[in-house]
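What follows is a single structure, written as structure tokens, with notes after it.
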Amino acid sequence: MKSDRNANPSAIKLVLFDIDGTLMITKGASSRCMKRAGEIVFGPSFQWAPITVGTLDPQIFAQLAKANHIKETPEQRLRYEEVYLAELERELIERQEDFVVMPGIRELVQTLHQRAMSHGDVVLGVLTGNFRRATEFKMLGSGLGLDRFAIIVCAEDGKTRDDLPKAALRIAKQHTGTDVLPANTFIVGDTPRDIQCALANGCVPICVATGHYSADQLREAGGEMVFIDLSDFTPLLRRLGID
């Protein structure tokens with residue numbers, strides 16, 4: 001659906017949020033459900049292993065399969081995905097109290113959504129390594145919802161995280177009817193992988209130290225703006241030119 005706003009295309013800002021550690025945490029629901037899925041599909045000897053934070057869900061499966069000396073096949077991967085998503089949906093319903101939306105996020109999302117509706121110079125989106133159904137479970141379960149996010153880019157939209165901003169820009173063009181500039185695309189995340197995928201695509205990395213990495217680590221990785229959290233998001237609005 002194309003926007004009916006008449007904003008200058010060069011002024012349109014695309015703001016893309018990571019989910020886990022940025023918008024919210026679920027207190028380990030994903031890793032618990034991935035481990036259970038592995039045990040169901042491959043047997044009780046399946047063990048959790050260290051993974052690279054910020055990778056896509058299919059890449060996490062590949063890392064776990066390798067650590068467990070499993071030669072993965074497309075059939076096994078599909079079965080694992082089905083079981084994982086069923087386990088995740090069940091756990092997120094049963095453990096609603098585990099949802100924690102990060103400080104300032106609800107207010108920031110509402111502010112940006114209102115700006116998008118009133119001026120048409122902001123497009124709000126999600127850019128995540130989660131499977132699409134996992135994205136839906138988490139966004140709906142947290143109460144953030146998906147209705148205010150025009151762009152939803154998930155693990156299925158690329159082979160690596162660096163592919164995801166390209167997909168987001170394609171969808172943004174369909175939504176707005178014009179090209180959105182990478183330089184006006186802001187990727188808000190909590191890991192060096194978020195920074196890497198932003199820089200690899202000419203986008204702006206905005207970082208929050210609400211995940212596994214400190215503010216200093218995120219600065220060293222190349223974050224343009226680094227926040228302890230987004231309780232005060234005024235500097236971000238100023239950077240977007242909409243304060």
Side-chain angles (χ1 to χ4, degrees), residues 11-28 30-31 50-57 59-60 63 100-112 115 122-130 135 138 142 144 149 151 153-155 157-158 160-169 172 180-243:
I12 294 176
K13 307 299 194 304
L14 174 59
V15 185
L16 302 167
F17 288 92
D18 172 55
I19 292 181
D20 299 295
T22 300
L23 289 178
M24 72 185 77
I25 59 171
T26 55
K27 297 186 179 178
S30 294
S31 56
I51 61 168
T52 304
V53 177
T55 51
L56 309 187
D57 278 356
Q59 292 176 307
I60 293 175
Q63 292 175 23
V100 178
V101 176
M102 296 292 96
I105 288 297
R106 293 189 192 279
E107 296 81 3
L108 174 57
V109 168
Q110 183 60 23
T111 297
L112 293 176
R115 177 75 184 203
V122 171
V123 178
L124 197 54
V126 169
L127 186 147
T128 176
N130 283 270
T135 297
K138 292 178 180 181
S142 67
L144 287 172
F149 297 87
I151 313 296
V153 176
C154 305
D157 295 309
T160 71
R161 201 174 194 93
D162 288 0
D163 296 330
L164 301 187
K166 299 179 183 68
L169 288 167
V180 178
L181 302 177
N184 284 339
T185 299
F186 298 78
I187 296 178
V188 185
D190 65 293
T191 76
R193 291 277 175 152
D194 298 304
I195 296 169
Q196 175 186 309
C197 83
L199 295 177
N201 289 275
C203 304
V204 181
I206 305 295
C207 304
V208 285
T210 47
H212 294 279
Y213 293 88
S214 69
D216 286 342
Q217 288 174 312
L218 295 170
R219 290 188 190 97
E220 290 172 5
E224 179 180 300
M225 298 183 75
V226 179
F227 296 84
I228 298 301
D229 63 37
L230 286 165
S231 297
D232 177 9
F233 50 78
T234 305
L236 176 56
L237 298 183
R238 190 174 301 121
R239 177 64 178 85
L240 295 171
I242 60 172
D243 59 329

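Side-chain atoms of Leu108 and Leu236, non-hydrogen and from C-beta on, do get closer than 4.5 Å to each other. No side-chain heavy atom of Val126 sits under 4.5 Å from any side-chain heavy atom of Val153. When side chains are defined from C-beta on, Val122 does not count as touching Ile12, because their heavy atoms never get closer than 4.5 Å. Side-chain contact check for Leu237 versus Thr234: every heavy-atom pair is 4.5 Å or farther apart. Looking at heavy atoms from C-beta onward, Phe227 lies out of side-chain contact with Phe233 at the 4.5 angstrom threshold. You'll find the side chain of Lys13 stays beyond 4.5 Å of the side chain of Val123, heavy atoms only. Side-chain contact between Val204 and Thr185 is absent, with no heavy-atom pair separated by less than 4.5 Å. Side-chain contact between Met102 and Leu230 is absent, with no heavy-atom pair separated by less than 4.5 Å.
Between Ile60 atom CD1 and Ser31 atom OG the span is 9.0 Å, to the nearest 0.5 Å. For the atom pair Phe186 CZ and Leu16 CG, the distance stands at 10.5 Å (nearest 0.5 Å). Separation of atoms CD1 (Ile228) and OG (Ser214) is listed at 8.5 Å; rounding is to 0.5 Å. Here the CG-CG distance, from Leu169 to Leu181, works out to 9.0 Å after rounding to the nearest 0.5 Å. The distance from atom CZ of Phe17 to atom OG1 of Thr22, rounded to the nearest 0.5 Å, is 9.0 Å. Between atom OG of residue Ser142 and atom CD1 of residue Ile19 there is a gap of 8.0 Å, rounded to the nearest 0.5 Å.
A donor-acceptor pair under 3.5 Å links the side-chain atoms of Gln63 to the main chain of Thr52, judged by distance alone.
Legend: residues meeting salt bridge (charged side-chain N to carboxylate O under 4.0 Å, His left out) with Arg115, ordered by chain and number and at least two apart, are Asp121. With sequence neighbours excluded, the residues that form a side chain to side chain donor-acceptor pair (under 3.5 Å) with Asn130 are Asp20, Thr128, Lys138.
Between Asp57 and Ala155, the closest heavy-atom pair is N-CB, 4.2 Å. Between Val180 and Ala172, the shortest heavy-atom contact is CG2-CB, 3.9 Å. A pairwise comparison of heavy atoms in Gly189 and Asp18 identifies CA-CB, 4.0 Å as the closest pair. Of all the heavy atoms in Pro165 and Asn201, the pair that sits closest is CG-ND2, 3.5 Å. Residue Leu144 comes nearest to Phe149 through the heavy atom pair O-CE1, 4.5 Å, listed as atom of the first residue, atom of the second, then distance.
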For residues 219-226, dump all side-chain donor-acceptor pairs below 3.5 Å to protein atoms at least two apart in sequence or in another chain.
| residue | atom | partner | partner atom | Å |
| --- | --- | --- | --- | --- |
| Arg219 | NH1 | Asp216 | OD1 | 2.9 |
| Glu224 | OE2 | Arg239 | NE | 2.6 |
| Glu224 | OE2 | Arg239 | NH2 | 3.2 |

Exercise. Step by step, would you call Thr55 with Arg193 a side chain to side chain contact (heavy atoms under 4.5 Å, CB included)?
Worked result: CA-CA 7 Å; Thr55 51; Arg193 291 277 175 152; 3.8 Å; yes
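A salt bridge (Lys or Arg N to Asp or Glu O under 4.0 Å) check over residues 103-112, counting only residues at least two apart or in different chains, returns nothing. Residue pairs satisfying the salt bridge (Lys or Arg N to Asp or Glu O under 4.0 Å) criterion with at least one member in residues 194-207, sequence neighbours excluded, are listed as follows: Arg161-Asp194. For residues 182-192, no residue pair satisfies the salt bridge (Lys or Arg N to Asp or Glu O under 4.0 Å) rule, not counting sequence neighbours.
Of the options Ile187, Asp163, Leu164, a side-chain contact (heavy atoms from CB on, under 4.5 Å) to Cys197 is made by Ile187 and by none of the others.
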